[in-house]
Amino acid sequence: MGDAYCSDCKRHTEVVSDHSAGDTVCSECGLVLESHSIDETSEWRTFANESGDNDPVRVGGPSNPLLTDGGLSTVIAKPNGASGDYLSSSLGRWQNRGSNPDRTLILAFKTIATMSDRLGLVATIKSVEMGTIHAGDFMRRFCSNLGMGNQAVKAAQDSVKKSEEFDIRRSPISIAAAVIYIITQLSDDKKALRDISLATGVAEGTIRNSYKDLYPHVSKIIPNWYAKEEDLRNLCSP
């Protein structure tokens, strides 16, 4: 309830607001003083699909200037309770057939997000600094997960830093995993490839391939205070 000047009553009267219609009505003569008014107050009604989701947000994410359409295109999602064959339906097939110029970029964003979550990076680093990340940036974390000793950790850090001098076309996380594998094979506390894969999140096959690329350079990568030439020759050939 409030008050406003009524042109019929020729005075200020109490008015009633009809929020559903957006009308302001004089309570004495029934004259509609204002119609289709806009309610500018906050609306905290929940529009979530899940009954347990109380998030009141009713908008999507922010626009992304790196994408052709600003990231505002519509994506057909799999509905709750749908079977695994949903994407083979007409809508799913048409979505998959559509040419998306940003498909590769979107996949790259997802890969960066996965690596960031795995490394526990904050959102700022996720969006800004992932392009300049080096294998040594997370070497200590991986070594700690494997319970490696201080000497082995130091050797791994020195080795991965030295590896940057060579043209090894592998992702930093793959190089880190392969270096850890080499260092542990040169120690008394050897680690199984499966354990290194679990600790780093790198597939066993990827570690093997990275090890194959690093193997020709081990004599220059592994510090001589950690392993002798004879020890390096005893490493298994990829």
Side-chain angles (χ1 to χ4, degrees), residues 64 66-67 102-238:
N64 189 335
L66 298 177
L67 300 179
D102 299 317
R103 186 183 301 276
T104 302
L105 190 58
I106 291 173
L107 290 175
F109 286 156
K110 290 181 179 179
T111 302
I112 290 173
T114 301
M115 291 177 64
S116 300
D117 292 337
R118 188 177 294 158
L119 300 174
L121 300 179
V122 297
T124 303
I125 299 177
K126 248 186 219 186
S127 58
V128 178
E129 298 180 5
M130 278 299 295
T132 58
I133 196 169
H134 300 283
D137 295 340
F138 40 82
M139 179 63 77
R140 181 169 290 277
R141 178 190 296 270
F142 290 161
C143 292
S144 176
N145 291 341
L146 288 164
M148 295 169 58
N150 292 334
Q151 189 177 24
V153 173
K154 179 65 168 57
Q157 290 176 322
D158 291 351
S159 300
V160 81
K161 185 176 181 180
K162 192 69 175 178
S163 69
E164 295 177 358
E165 300 177 6
F166 301 91
D167 185 21
I168 301 172
R169 300 182 181 182
R170 295 284 175 180
S171 66
I173 194 171
S174 300
I175 293 175
V179 167
I180 290 175
Y181 175 73
I182 295 172
I183 292 298
T184 58
Q185 296 310 300
L186 292 170
S187 70
D188 294 332
D189 185 19
K190 293 179 172 54
K191 304 293 182 183
L193 191 61
R194 180 175 180 275
D195 294 336
I196 297 175
S197 174
L198 290 174
T200 61
V202 181
E204 293 182 33
T206 302
I207 299 176
R208 289 193 190 95
N209 291 332
S210 300
Y211 171 70
K212 182 178 180 180
D213 293 343
L214 287 170
Y215 183 79
H217 311 289
V218 289
S219 61
K220 298 179 181 178
I221 291 176
I222 306 301
N224 53 21
W225 59 262
Y226 184 78
K228 300 177 181 179
E229 287 289 338
E230 183 180 353
D231 299 325
L232 298 178
R233 286 195 295 267
N234 290 331
L235 285 171
C236 61
S237 178

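None of the values given here were measured: they were computed from a predicted structure.
Scanning both residues, Phe142 and Ala199, for their nearest heavy atoms gives CD2-O, 3.6 Å. When every heavy atom of Pro223 is checked against every heavy atom of Ala155, the shortest pair comes out as CD-O, 4.0 Å. Across Ser159 and Ile221, no two heavy atoms sit closer than the pair O-CG2, 3.1 Å.
Taking CE from Met139 and OG from Ser144, the interatomic distance works out to 13.0 Å, rounded to the nearest 0.5 Å. Remark: Asp158 CG to Lys154 NZ distance equals 3.5 Å, nearest 0.5 Å. If you take CG on Leu198 and CD on Glu204, they are separated by 7.5 Å, rounding to the nearest 0.5 Å. Between atom CD1 of residue Ile175 and atom CZ of residue Arg169 there is a gap of 12.0 Å, rounded to the nearest 0.5 Å. For the atom pair CG of Leu146 and OG1 of Thr200, the computed distance is 7.5 Å after rounding to the nearest 0.5 Å. In this structure, CZ on Arg140 lies 12.5 Å from CG on Asn145, to the nearest 0.5 angstrom.
Ion pairing of Lys162 with Glu165 is present here, as a side-chain N (NZ or NE/NH1/NH2) and a carboxylate O approach within less than 4.0 Å.
With Ser197 contributing its side chain and Leu193 its backbone, the two residues share no donor-acceptor pair below 3.5 Å. A donor-acceptor pair under 3.5 Å links the side-chain atoms of Tyr226 to the main chain of Ile183, judged by distance alone. At distances below 3.5 Å, at least one donor-acceptor pair connects side-chain atoms of Gln185 with backbone N or O atoms of Lys191.
Contact of the Asp213 side chain with the Arg170 side chain is registered, since non-hydrogen atoms from C-beta on lie closer than 4.5 Å. Met148 has its side chain out of reach of Asp189: every pair of non-hydrogen atoms, C-beta onward, lies at least 4.5 Å apart. Side chains of Ser219 and Glu229 form a contact here, defined as non-hydrogen atoms less than 4.5 Å apart. No side-chain heavy atom of Ile196 sits under 4.5 Å from any side-chain heavy atom of Val202. Two residues are said to be in side-chain contact when any heavy atoms from C-beta on lie closer than 4.5 Å; Thr206 and Asn209 fail this criterion. In this structure, Leu214 and Tyr181 have side chains that are not in contact, with every pair of non-hydrogen atoms separated by 4.5 Å or more.
Crowding of Lys190 atom NZ: a count of heavy atoms from other residues, nucleotides or ligands under 6.0 Å exceeding 12.
Under the side-chain contact (heavy atoms from CB on, under 4.5 Å) rule, Leu186 has a single partner from Val218, Ile222, Asn234, which is Ile222.
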